Participant: 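The structure is given below, and queries will be raised subsequently.
Note that the structure is predicted; figures quoted are calculated from it, not measured. First the proteins, then the strands, lettered A, B, ... as listed; each starts at 1.
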Amino acid sequence: MSPASDSYLERAPLELRDWLVQFLPEPLQWLAHHLITVVAVLAVFGTFFAFTTIAERKLLARLQNRLGPNRSGLPWIKGLKLWGLTQPFADAVKTLTKEDIVPATADKWLHFLAPVIVVAFSLMTFAVLPFGRNMIPVELNAALLYFFAAGAATELAIFMAGWSSRNKYSLLAAMRALAQLISYELPLILSVVPIVLVAGTLSTKAIVLTQGYWTSGFLPHWFVFTPWGLAGFLIFIVAALAESNRSPFDLPEAESELIAGHLTEYSGFKYALFFMAEYFGLTALSALGVTLFLGGWQAPCVFLEFIPSYLWFMLKLIGMIVFFIWVRGTLLRLRIDQLTRLAWKFLVPLALLNVGNAAFWVLSAHWAGPLQLVRWAVSFAVIVIPFVIMGRSLTAGFAPRTYRYAS
Amino acid sequence: MSTSQVSGFNTQVSAPGPFGGPAGPTVRAVHDQFHGDLLEVSMGPQHPSTHGVFRMVVTLDGEQIVKLKPVFGYLHRNHEKIAENTSYLGSMPYTDRLDYLCSMSTNWAYALAVEKLDGQPVPDRAQYLRIIMAELTRLLNHSCLVGFLFNDLGTSFTPLLYAFREREKILDLFESLSGSRMMCNYQRFGGCRVDPSPEWLEAARRLAENYPRFLDEYEAMLTGNEIMLARTQGIGRLNSTHAINAGLTGPVLRASGVDYDVRKIDGYGVYPRFDFRVPLGAHGDTYDRYMMRILEMRESVKILSQAFRDLPAGPIMDPKAKLRGFRPKAGEAYGRIESPKGELGFYLISDGSPNPYRYRVRPPSLINLTLLEEMCLGHTVADAVVILGSIDIVLGEVDR
Amino acid sequence: MTTALILIAILLLGSAAAAMLRRNLIHSALLLIASWAGVAAFYLWAGAEFVAFAQVLIYVGAISMVVLFAVLLTRQNPVAELPAEPASRMRALTGITVAVCTAAILSAAILSSKFTPAADTAPQTSVKQIGLELMHRHGTALLIVGVILTVALLGATILAATDAKEKPEDRP
Amino acid sequence: MLGSGIIKGLAVTAKNFVGSYYDPARMTTVEYPEQPTVLPENYRNFPFLVSENATDPMGTLRCVACQICEKECPPQCIIIEKSKDKKPDANGKMQLYPAVFGIDTSVCMSCQICVEVCPFDAIKMDKVFEIAATDRFLDLYLNREQLAKPNTYYHQIHPEEAAEVDGRLTADRKAAEEKAKATAAAKAAAPVAAPKPADSAVAPKPASPAVKPQDEPRRLVSPKPGEGGSPLGEGGPAKSS
């Protein structure tokens with residue numbers, strides 16, 4: 001494509017890896033190549049996780065008119081506060097040194113396995129995400145399928161945690177987690193189907209490449225800028241919030257109802273693992289959203305292509321996560337029946353309609369001139385009208401009220 | 001861990017739990033063809049949203065509540081008995097600790113009862129100051145309550161902290177006036193303790209003036225929120241007959257549509273000189289109870305602006321009032337006010353000695369709590385904490 | 001590669017056997033899920049990554065949930081804690097008989113079918129090819145399956161949609 | 001339309017987010033150890049005893065061990081023992097003084113009732129709130145020496161109130177002196193010299209009559225012929241039995 005695609009900055013990380021690998025003997029090079037990739041992904045996203053926690057705490061604090069953590073500096077240096085940016089490391093030390101308590105009646109093996117599984121599977125999803133133009137850990141034909149398959153196992157781990165704790169709150173949380181997973185896996189996958197339909201591939205890299213065009217240089221052809229893409233993106237965001245157990249769908253961990261849900265009986269490092277997995281899951285889903293709907297590593301305008309692709313990806317990822325934090329700072333929690341109702345009566349039908357909408361988009365690809373306008377109008381109508389109608393039926397009977405006063 | 005080991009925890013007494021594991025002490029198997037086993041969960045006394053050391057023993061069918069037993073008394077401090085062994089004045093700081101969010105109004109209720117007992121007049125300025133304090137307390141209590149209600153509804157503290165931000169401003173006023181933020185100990189028999197300076201009055205007036213802006217912002221954020229509407233409308237419904245029969249008072253009663261406000265009925269203090277309205281609900285559900293608070297705050301702001309306008313000059317203490325060696329005439333008296341939580345009353349019997357012979361509190365929190373099961377049955381655990389939050393209890397007052 | 005196969009087989013068969021032997025139903029269900037994951041691993045080993053991921057997504061991700069739900073929602077007999085009784089021994093015998101018969105039929109079928117020796121390299125099938133294959137040659141079958149599933153989905157929606165009528169609001 | 005309420009809510013939180021950076025009405029946090037809290041004039045914490053002499057607080061306590069505060073204290077956290085002898089106070093009058101004066105701050109609820117009932121303006125509320133201690137019994141029990149603080153300190157922490165109290169006290173003193181002079185003039189023959197011990201000697205008075213053990217206010221116990229009615233404070237005598 002453009003010359004920017006092989007600028008020095010673009011190739012730097014890959015060349016660094018190749019340079020490191022060449023020092024090793026031939027048979028080990030293949031292994032080292034992949035190991036370096038894995039370590040790099042772990043290191044980058046491990047740090048990213050650490051700073052997401054502090055960012056979440058600080059952003060939430062600001063949303064709530066507080067300052068947030070701003071004290072921790074470096075050990076042994078007094079007076080240096082660094083805006084509290086070292087807080088996650090202090091937290092890590094704390095959780096690692098805390099006592100690990102396992103309830104006497106707990107199912108010890110499952111209680112131990114649950115955090116391990118949850119972290120392992122949430123990390124596996126990172127394998128197919130294209131972080132930059134040439135930076136994709138594993139190129140798979142069925143990458144999307146792999147992503148959802150790996151992600152599906154995390155709620156199983158939440159169930160294991162809840163059930164094995166032998167705590168009634170944890171058990172209720174386990175049931176909720178199951179119900180939530182069954183309900184939201186479907187809209188999540190259905191919201192992605194239109195992309196597959198239009199791009200004609202399950203490979204994440206190919207999907208990003210199909211979005212790599214611009215109208216007159218600054219209008220990117222990202223899928224989110226089409227009617228069906230926007231609808232799919234919104235459904236995806238709602239479903240992703242539910243999949244990663246974030247507010248307003250944090251029912252398994254509902255603090256005000258179930259104390260800490262499935263985490264009630266976890267402490268110390270195991271708790272930290274769950275915490276970590278939750279953020280990894282969030283990051284992975286956000287990264288998928290960026291890949292599928294927001295053009296992946298592509299720059300929004302042609303002239304901005306000099307910024308390396310992986311930085312664009314990170315920027316979009318951070319944007320998504322800030323949005324999720326913002327949502328968390330604003331919304332309240334749904335009830336479990338409302339949660340499932342929202343999925344089955346609203347999101348799934350909408351997502352199904354959206355699949356049809358995408359099919360129409362593909363079929364009308366050759367329309368031009370004024371027909372292009374018709375195409376956009378029809379596509380919008382197909383999604384907006386059902387949205388309004390179904391939204392009305394979903395909120396039927398709920399409305400702000402007016403009150404009388406005693407005479 | 002093998003099954004035999006699991007059963008090792010099973011004593012002969014408890015049947016195995018419904019989910020294969022050992023039964024906890026409260027799991028009961030109910031043998032019913034169609035329903036699964038019921039799960040008995042003890043929510044509290046240590047639970048994030050029981051508003052203190054309150055405990056609900058909830059029996060669940062799935063997530064639905066089929067039985068709820070409130071348990072309280074964990075914060076019992078023998079308030080009434082201590083008061084019978086302390087001088088009349090000595091009980092005043094203890095009343096701060098009853099409803100520790102609204103010490104100003106609790107003080108007033110007690111002062112009112114003692115003044116009735118002794119037939120003590122209260123100068124006009126003190127009456128106005130009392131109304132200012134009581135209405136500021138109402139603002140403080142109701143904003144806290146809606147904040148906590150939203151926390152129970154699952155927000156990540158945002159509405160609560162907005163409410164606390166405003167509450168902090170009121171508490172600063174209280175602190176600069178009475179010396180303490182929450183334990184004000186401000187009212188005295190026959191007047192008030194400290195006369196506010198003109199600067200204080202100006203600051204308080206400005207605060208009351210700005211309060212509707214906060215309320216508007218708060219309502220914009222949450223009152224129209226679809227999730228909020230779905231979570232609160234039609235939840236925890238309470239009809240007026242039940243509410244009246246159980247002796248409920250305050251916003252909880254008015255949300256059920258009963259026009260009962262002690263400020264209007266008794267006209268204690270100088271309330272009859274003020275122009276304000278009493279909002280009434282129509283459904284008696286959690287949303288109505290929430291909206292009652294919001295609307296009452298708006299009315300409180302109106303009362304405050306009138307009070308600041310009309311505040312007369314003069315003494316704040318009845319010159320004949322005695323601080324030391326106070327001995328009221330023998331007799332009995334019941335003083336009640338419309339505290340933010342409902343009708344707060346003090347019943348006193350005096351035998352002419354420095355200590356009351358009998359001292360009894362009518363705590364609105366406790367009496368409003370009696371219908372908790374009624375409201376919660378058929379709803380889910382998630383709703384139970386919200387309903388509890390909408391009743392507005394303070395455990396200091398419930399347990400005394 | 002053979003070691004991998006053996007490991008997968010041990011995992012698969014071991015967890016399946018353990019699932020049968022455990023008395024704790026939740027453990028059995030989780031072990032069953034492990035054996036499904038083993039099947040997926042086997043597919044992966046065989047180079048059929050699409051099927052493998054589909055297996056994980058559908059079995060580990062979805063069907064496992066249904067199984068666990070069913071286990072949690074059904075009341076369990078306290079009998080699970082008791083020593084084996086003659087009736088259960090009878091049941092075990094029946095189960096073994098059925099299993100042996102199934103195995104016999106399956107192995108007979110496998111043995112009787114003619115295997116063309118596999119090529120050195122597995123055929124490179126892309127997802128696209130699988131999709132085209134499904135849509136063209138097996139279009140009818142896919143359609144029928146789709147209709148059945150849609151009907152099931154609609155039925156479930158209708159069942160769920162009939163909420164209990166709300167009680168008349170007791171207006172104060 | 002579905003979602004409009006949610007979007008409105010998001011707008012409000014966004015407004016608060018931006019506002020927290022420039023609007024002090026939104027960001028009310030005070031970073032405590034660095035930014036010292038400004039306590040209002042009326043702030044109260046635990047009581048202390050006012051003494052007239054800044055250099056030697058113990059010598060001139062205003063407290064005359066009348067024990068009213070001990071009796072009125074709702075949680076009963078004040079312990080007072082009267083002295084057996086008398087010492088001259090700031091006016092040079094012979095007064096009882098507290099041999100033991102202790103406040104258990106772990107019991108004290110800072111209600112200020114002791115301050116209100118004190119007829120001598122001897123006990124006032126302190127503003128020190130950084131009172132963390134390692135021993136919850138001994139460190140939180142404040143004895144006479146720890147409680148005594150000079151009047152200048154009182155002026156420092158409650159300037160307005162202290163000025164008012166001082167004005168009242170000097171007025172009372174003047175009135176008392178005049179009255180005393182008047183009585184002295186009336187009883188010109190009476191050979192009573194008001195003792196003016198400017199010396200800081202302990203000046204034990206072995207000749208003084210044994211102090212009555214009742215906890216009645218000081219003024220009622222020792223009406224000296226040379227002095228008028230109430231020398232300090234205008235509060236009426238407590239009629240407690």
Side-chain angles (χ1 to χ4, degrees), chain B residues 82-83 85-87 89-94 96-97 155-156 158-159 161-162 164-169 172-181 183-186 188 193-194 196-197 200 210 213-214 216-230 322-327 354, chain D residues 1-17 19-20 23 25-30 37-45 66 68-69 71-76 108-119 125-127 158 160-161 217 235-241:
Chain B
I82 288 178
N85 291 303
T86 318
S87 66
L89 177 64
S91 293
M92 185 59 87
Y94 282 122
D96 288 340
R97 276 96 179 149
T155 51
S156 314
T158 312
L161 284 160
Y162 292 168
F164 264 37
R165 184 187 71 207
E166 300 306 312
R167 169 183 182 250
E168 201 66 13
K169 292 169 188 166
D172 281 351
L173 282 179
F174 282 176
E175 185 183 23
S176 67
L177 182 67
S178 74
S180 183
R181 292 152 52 81
M183 304 298 141
C184 297
N185 188 15
Y186 179 67
R188 288 286 175 267
R193 187 156 60 76
V194 198
S197 61
W200 189 94
N210 287 331
R213 270 167 55 197
F214 159 69
D216 290 342
E217 192 182 286
Y218 207 82
E219 283 212 77
M221 178 181 174
L222 293 157
T223 305
N225 188 308
E226 285 85 353
I227 305 176
M228 148 81 184
L229 295 178
K322 256 198 309 191
L323 211 56
R324 282 191 301 267
F326 175 76
R327 289 157 180 266
Chain D
M1 204 175 71
L2 179 69
S4 55
I6 290 170
I7 290 167
K8 259 190 237 161
L10 285 170
V12 170
T13 42
K15 205 167 83 189
N16 274 289
F17 176 78
S20 73
D23 189 355
R26 289 197 195 279
M27 177 60 87
T28 49
T29 311
V30 175
T37 31
V38 185
L39 295 173
E41 153 102 31
N42 283 342
Y43 178 81
R44 58 181 145 95
N45 201 330
C66 68
I68 289 177
C69 54
K71 208 158 56 227
E72 287 284 346
C73 176
Q76 319 242 303
C108 176
M109 60 178 179
S110 313
C111 64
Q112 207 180 345
I113 279 184
C114 52
V115 176
E116 283 171 56
V117 298
C118 180
M125 295 309 271
D126 207 344
K127 276 188 173 184
H158 299 293
E160 280 176 34
E161 191 189 307
K239 281 186 282 184
S240 49
S241 48

Participant: Checking the side chain of B:Ser91 only, and the main-chain atoms of B:Tyr94 only, is there a donor and an acceptor separated by less than 3.5 Å?
Facilitator: no
Participant: Please report the interatomic distance NZ(D:Lys71) to SG(D:Cys66), rounded to the nearest 0.5 Å.
Facilitator: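 Result: 8.0 Å between the selected atoms.
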Participant: Any side-chain to backbone donor/acceptor pair from B:Glu217 onto D:Val12? Under 3.5 Å, distance only.
Facilitator: no
Participant: Chain D heavy atoms under 4.5 Å from B:Phe214: which part of the residue, side chain, backbone, both or neither?
Facilitator: neither
Participant: Under a 4.5 Å heavy-atom cut-off, does chain D meet the side chain of B:Glu175, its backbone, both or neither?
Facilitator: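 For B:Glu175, the contact with chain D is made by backbone and side chain together.
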Participant: For D:Asn42 and B:Arg193, which I'm curious about, is there any donor-acceptor pair between the side chains at under 3.5 Å?
Facilitator: no
Participant: Would you mind checking which part of B:Arg181 comes under 4.5 Å of any heavy atom in chain D, side chain (CB onward), backbone (N, CA, C, O), both or neither?
Facilitator: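 Neither part; nothing is under 4.5 Å.
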Participant: Find the one option among B:Leu177, B:Thr86, B:Asp172, B:Leu222 whose heavy-atom pairs under 4.5 Å with chain D are most numerous.
Facilitator: B:Leu177
Participant: Under a 4.5 Å cut-off applied to non-hydrogen side-chain atoms, are B:Met221 and B:Thr155 in contact?
Facilitator: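 Sidechains of B:Thr155 and B:Met221: no contact.
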Participant: Between B:Ser176, B:Gly224, B:Cys184, which shows the greatest number of heavy-atom pairs under 4.5 Å with chain D?
Facilitator: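 Counting heavy-atom pairs under 4.5 Å, the top option is B:Ser176.
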Participant: Which region of D:Lys127, side chain (C-beta onward) or backbone (N, CA, C, O), has a non-hydrogen atom less than 4.5 Å from a non-hydrogen atom of chain B, or is it both or neither?
Facilitator: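 Interface part for D:Lys127: neither.
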Participant: Can a cation-pi geometry be assigned to B:Arg167 and B:Phe164, taking NZ or CZ under 6.0 Å from the six-membered ring centre and within 45° of the ring axis?
Facilitator: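 Yes, B:Arg167 lies over the aromatic ring of B:Phe164.
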Participant: For D:Ser4, is it the side chain, the backbone, both or neither that has a heavy atom under 4.5 Å from a heavy atom of chain B?
Facilitator: both
Participant: Who among D:Met109, D:Lys8, D:Met125 has the most heavy-atom pairs with chain B under 4.5 Å?
Facilitator: D:Met109
Participant: Given heavy-atom pairs under 4.5 angstrom as the criterion, report whether the side chain, backbone, both or neither of D:Ala25 touches chain B.
Facilitator: both
Participant: Measuring heavy-atom distances to chain B, does D:Thr29 have an atom under 4.5 Å in its side chain, in its backbone, in both, or in neither?
Facilitator: neither
Participant: Rounded to the nearest 0.5 Å, how far does OG of B:Ser180 lie from CZ of D:Arg44?
Facilitator: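 D:Arg44 atom CZ to B:Ser180 atom OG measures 5.0 Å (nearest 0.5 Å).
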Participant: The test is salt bridge (Lys or Arg N to Asp or Glu O under 4.0 Å); show your working for B:Lys169 and B:Glu166 and say whether it passes.
Facilitator: CA-CA 5 Å; B:Lys169 292 169 188 166; B:Glu166 300 306 312; 3.4 Å; yes
Participant: Which region of D:Glu41, side chain (C-beta onward) or backbone (N, CA, C, O), has a non-hydrogen atom less than 4.5 Å from a non-hydrogen atom of chain B, or is it both or neither?
Facilitator: neither
Participant: I need the D:Gln112 CD to B:Met183 CE distance, nearest 0.5 Å.
Facilitator: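 Going from the CD atom of D:Gln112 to the CE atom of B:Met183 covers 15.0 Å.
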Participant: Non-hydrogen atoms of chain B under 4.5 Å away: do they reach the side chain of D:Cys114, the backbone, both or neither?
Facilitator: neither
Participant: Highest number of heavy-atom pairs under 4.5 Å with chain D: which of B:Asn225, B:Thr158, B:Asp96?
Facilitator: B:Asn225
Participant: Among the options D:Thr28, D:Leu10, D:Ile6, pick out the one with the most heavy-atom pairs lying under 4.5 Å from chain B.
Facilitator: D:Ile6
Participant: Heavy atoms only, distances under 4.5 angstrom: which of B:Arg97, B:Glu168, B:Met228 has the most pairs with chain D? Name it, please.
Facilitator: B:Arg97
Participant: Quick one: CG on B:Asn85 to CD on D:Gln76, what's the gap to the nearest 0.5 Å?
Facilitator: 9.5 Å
